[in-house]
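Report on the following structure.
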Amino acid sequence: MAGPRKNDHFIQQLNMDPVFINGLIFELEYNLQIVLQDEMLGKACTPKEVIRLLLTIPQDN
């Protein structure tokens, strides 16, 4: 995972609106045809954590 801001918090450092973050997650779920559990998403507060979460999902989901 590359990029200088991969560990920045979506809201605190990247100043992203929570509505935009929810839209981003929705688009990821829709395009990847997966459903992420809310408990798992609560821990994903940085781009790196979201990518790590997506990589842990079984391919047959």
Side-chain angles (χ1 to χ4, degrees):
M1 292 179 223
R5 304 202 69 192
K6 66 181 172 259
N7 292 312
D8 288 358
H9 191 278
F10 283 123
I11 297 172
Q12 296 171 358
Q13 281 105 12
L14 297 176
N15 299 315
M16 293 175 68
D17 187 283
V19 173
F20 181 79
I21 298 167
N22 288 335
L24 173 69
I25 298 298
F26 172 80
E27 287 293 326
L28 288 169
E29 289 177 321
Y30 180 77
N31 285 300
L32 296 172
Q33 299 180 350
I34 59 172
V35 177
L36 299 172
Q37 296 176 351
D38 289 337
E39 310 84 57
M40 296 172 76
L41 282 174
K43 299 174 185 174
C45 298
T46 69
K48 183 177 180 179
E49 291 169 350
V50 170
I51 292 169
R52 183 177 295 142
L53 174 63
L54 292 171
L55 292 174
T56 63
I57 295 177
Q59 297 298 314
D60 60 346
N61 181 346

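Basis for what follows: all heavy atoms, side chains included, without hydrogens, waters or symmetry-related copies.
For the pair N7 and T46, the tightest heavy-atom approach, listed with the atom from each and the gap, is O-CG2, 3.4 Å. Residue H9 comes nearest to Q13 through the heavy atom pair N-OE1, 2.6 Å, listed as atom of the first residue, atom of the second, then distance. In this structure, G42 and C45 approach most closely via the heavy-atom pair O-SG, 3.7 Å.
Side chain of R5 to backbone of P47: no donor-acceptor contact under 3.5 angstrom is found.
Applying the side-chain hydrogen bond (donor to acceptor under 3.5 Å, both in side chains) test to D17 and every residue at least two apart in sequence or in another chain returns nothing.
Judged as a salt bridge (Lys or Arg N to Asp or Glu O under 4.0 Å), not a single pair has a partner in residues 33-46 (not counting sequence neighbours).
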Solution key, residues 18-32 side-chain donor-acceptor pairs under 3.5 Å, sequence neighbours excluded:
from, atom 1, to, atom 2, distance (Å)
N22, ND2, P18, O, 3.4
E27, OE1, N31, ND2, 3.4
E29, OE2, L36, N, 2.8
N31, ND2, E27, O, 2.9

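Here the CG atom belonging to L54 is positioned 9.0 Å from the CE atom belonging to M40, to the nearest 0.5 angstrom.
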